[in-house]
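Let me begin by presenting the structure, written as structure tokens, before commenting on it.
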Protein chains: 2
Amino acid sequence: MARVHNFSAGPAALPESVLTQIANEMLDYQGCGMSVLEMSHRSSMYQQIIDDAEASLRRLLDIPQNYRVIFLQGGATLQFAGIPMNFMRTGRAGYVVTGNFAKKAWKEAAKYGDAVKLASSEDTDFDRIPALAPVRERASAGDLDYVYICQNNTIFGTMFHELPQCGDAPLFADVSSCFLSQPLDISRYGLVYAGAQKNAGAAGVTVIIVRDDLLEDGPAFAQTPQYMDLRLQAQKGSMLNTPNTFGIYVCGKVFRWVEETGGLEAMAQRNWAKANLLYDLLDNSQIFHGTAQKDSRSIANVTFRTDSDELNAQFVAGAHERGIENIKGHRLVGGMRASVYNAVTMEDVEALAAYMHEFEAEHAPSPRSL
Amino acid sequence: MARVHNFSAGPAALPESVLTQIANEMLDYQGCGMSVLEMSHRSSMYQQIIDDAEASLRRLLDIPQNYRVIFLQGGATLQFAGIPMNFMRTGRAGYVVTGNFAKKAWKEAAKYGDAVKLASSEDTDFDRIPALAPVRERASAGDLDYVYICQNNTIFGTMFHELPQCGDAPLFADVSSCFLSQPLDISRYGLVYAGAQKNAGAAGVTVIIVRDDLLEDGPAFAQTPQYMDLRLQAQKGSMLNTPNTFGIYVCGKVFRWVEETGGLEAMAQRNWAKANLLYDLLDNSQIFHGTAQKDSRSIANVTFRTDSDELNAQFVAGAHERGIENIKGHRLVGGMRASVYNAVTMEDVEALAAYMHEFEAEHAPSPRSL
């Protein structure tokens, strides 16, 4: 078995030790005589699994007691509607549009009320996080139910390096692709949520962390599907109905692995070391260039390209031959993308960097050592 | 490793051979160097997995070409809202209330329009499928957008043995707990859907099979969350966003296993043999009795009890000591329940039957051989 260098943007690389544990427990979870896949979600055994997952996550992020953790299904896309349906009480909320998923969230919210675009970087093809002063100014009017951001923009390789000031409005963030890449001060948010398929585990789990006072009144919209009613889901401990039991189990394993390998500070250091190896290479390359503006660069998704679509395709094909996989950029933007999530090792990144050097030596207009 | 006799109502027993395959492929799926858990849902490798799963299901159920297969998340509970949001066009639909989940679906639908209760067995604690003539009569008025049933009632151990006549209204069925237990003539339905965590695979996958003409106009409600828009999901091949990739992979394995072990006719024979072993025992017992009326009995969930809560608890505790697990009835009804889904073997059922004989011999008022 030869494992490849997997730079997928999600579902994405998982730690080998986690996969090994999962394989070993597949027919018999810790001597109980059945697989987690076969376990009633109402059993005490499974309750322990979901409780342990939550406890581990609470330790990792130091989640304050007045925040609830909910494990749902349906991904970010379901929450694009779920957030306005639950929280657009006066009918107006603010959105910062920094990429594809932020834009989708903003458009979906417009079905349920006045979704105000507070700032956008679409004019420069989402290559940056826009100036946040307009967000503070608009929020100071005090008429927004919440301010929504997509904190890391997977497709465009950008990330908020500071958070907007939102006045009295709570800040809501889709943190899918930077979740557990680095510490996160939960107390600065009203709600964060993350599709787990990047850094946190398996596709099909959405982790929602929400301040409990925001749940008190139930959903803003009477026609909110019961499944999407976050107050109800919190009351039911994510078990209004059968959750993605196996996915939550995988997440729990990943949370423990992050704890055991040093927690989020250590993870952030390693992640920046990996990302910066590539950013430095890009900044010194004659043929590759990063697509995100420097002060907006992501810790998790390094996007780059050459000036030639043909050369990009050639690079991706050559990567595949070297066991470097999922390096192709998102279909909306082309080029290349290396997602350097937690489970991607420095060795993986070094293999990619070595190939980039090799490719550059072959294709640069005036070959030189980088 | 000793595997237990697992009678869980869902998530439920899976074939050992399927679990073994999953374990073996956990770090390296068929030589590709990564786990299915780590695979981009946009990769050709994953597309093959979901395509194979659908093709296998189409063969198993002989699904007509004008039906679409969609793999979603959120379970039946999300579809309780999704169905009226998509299909309640004139604002009125009919519901047959035969149990807890049927009642939840009916109540949820009432958020979106006039959900007419066509028939109910609540007056006898859902111990039967009610007479269906009133459904035919009411449907003949021609003003129902659809007629909804829950075909097998997991908690109460009942199942429709004939389908209601619905006039021009399409029949919609939640078939979660009898899905793949027996053949299903898809052409008689407008839509069927099933939570996969019973017979079909992993929790966190909902399989929806829907006649394509019903999707033509898009959702009935403008405020339907994009994720729940079945036309859109069908257009996107269940990949509007990241699906439960691993769960669908497990389902595909289970579908293949059903094909390889003889298909749905063979499965139905084996399932009735297992269920009837228990029903016959119940019909001849002095202390146990089945809770479902005979003409409404389920192929999948055998519900029974003694007349004493104490004795029920004693039976469940003794079962556990014998490696017979998840035999306790649903918390709403108490007593016992043995779910004899496809992956539950005749040996499992014989072990349970032997224990029931033993228990009866010990506790019957006048012990006798059954």
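Throughout, protein chains are lettered first and strands after them, A, B, ... in sequence-line order, and every chain is numbered starting at 1. Below, each value reflects all heavy atoms present in this structure, side chains not excepted, and no hydrogens, waters or symmetry copies. Note that this is a predicted model, so its numbers are computed, not measured.
Residue contact with chain B, scored on non-hydrogen atoms closer than 4.5 Å, involves the side chain of A/F221 exclusively. Looking at A/F246, only its side chain comes within 4.5 Å of chain B, counting heavy atoms on both sides. At a 4.5 Å heavy-atom cutoff, the contact between B/A222 and chain A is made by backbone atoms alone. Proximity to chain B (any heavy atom under 4.5 Å) is shown, for A/A13, by both the backbone and the side chain. Both the backbone and the side chain of A/S40 come within less than 4.5 Å of a heavy atom in chain B. Only the side chain of A/E325 comes within contact range of chain B, with at least one heavy atom under 4.5 Å from a heavy atom of that chain. For B/Q197, the part sitting under 4.5 Å from any heavy atom of chain A is the side chain, from C-beta outward, and nothing else. Only the side chain of A/E108 comes within less than 4.5 Å of a heavy atom in chain B; its backbone stays farther off. Of the atoms belonging to A/M39, it is backbone heavy atoms, and not side-chain ones, that fall under 4.5 Å from chain B.
At least one side-chain heavy atom of B/E38 sits under 4.5 Å from a side-chain heavy atom of A/L19. Taking the side chain as every heavy atom from C-beta outward, B/Q226 and A/K107 never approach each other to under 4.5 Å.
For the options B/Y46, B/F80, B/Y112, heavy-atom pairs under 4.5 Å to chain A are most numerous at B/Y112. When the candidates A/G247, A/A12, A/A81 are compared by the number of heavy-atom contacts under 4.5 Å with chain B, A/A12 comes out ahead. Counting heavy-atom pairs closer than 4.5 Å to chain B, the top residue among A/V36, A/L37, A/I22 is A/L37. Ranked by non-hydrogen atom pairs under 4.5 Å with chain A, the options B/V250, B/N24, B/V4 are led by B/V4. Put simply, of B/P225, B/A203, B/A343, the one with the most heavy-atom pairs under 4.5 Å next to chain A is B/P225. Note: A/P11 leads A/A23, A/S8, A/P11, A/G204 in heavy-atom pairs under 4.5 Å with chain B. In terms of heavy-atom pairs under 4.5 Å with chain A, the best-connected choice from B/T20, B/L240, B/N244, B/V205 is B/N244. No other option in A/S43, A/G75, A/G74 has as many heavy-atom pairs under 4.5 Å with chain B as A/G74.
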Could you go through B/M34 and A/N326, starting from their C-alpha distance and side-chain angles, then the distance that decides it, and tell me whether this counts as side chain to side chain contact (heavy atoms under 4.5 Å, CB included)?
CA-CA 11 Å; B/M34 64 181 87; A/N326 292 313; 3.7 Å; yes

Passes side chain to side chain contact (heavy atoms under 4.5 Å, CB included), B/K111 versus A/T224? Steps please.
CA-CA 9 Å; B/K111 282 186 192 167; A/T224 303; 5.5 Å; no

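Atoms CD and OG1, from A/Q233 and B/T77 in turn, are 8.0 Å apart once rounded to the nearest 0.5 Å. Distance CG/B/L78 to CG/A/L72: 10.0 Å, rounded to 0.5 Å. If you take NZ on B/K198 and OG1 on A/T242, they are separated by 6.0 Å, rounding to the nearest 0.5 Å.
What you find for A/R3 and B/S35 is that their closest heavy atoms are NH1-N, 3.8 Å.
Environment of NZ in A/K328: sparse, with no more than 12 heavy atoms of neighbouring residues, nucleotides or ligands closer than 6.0 Å.
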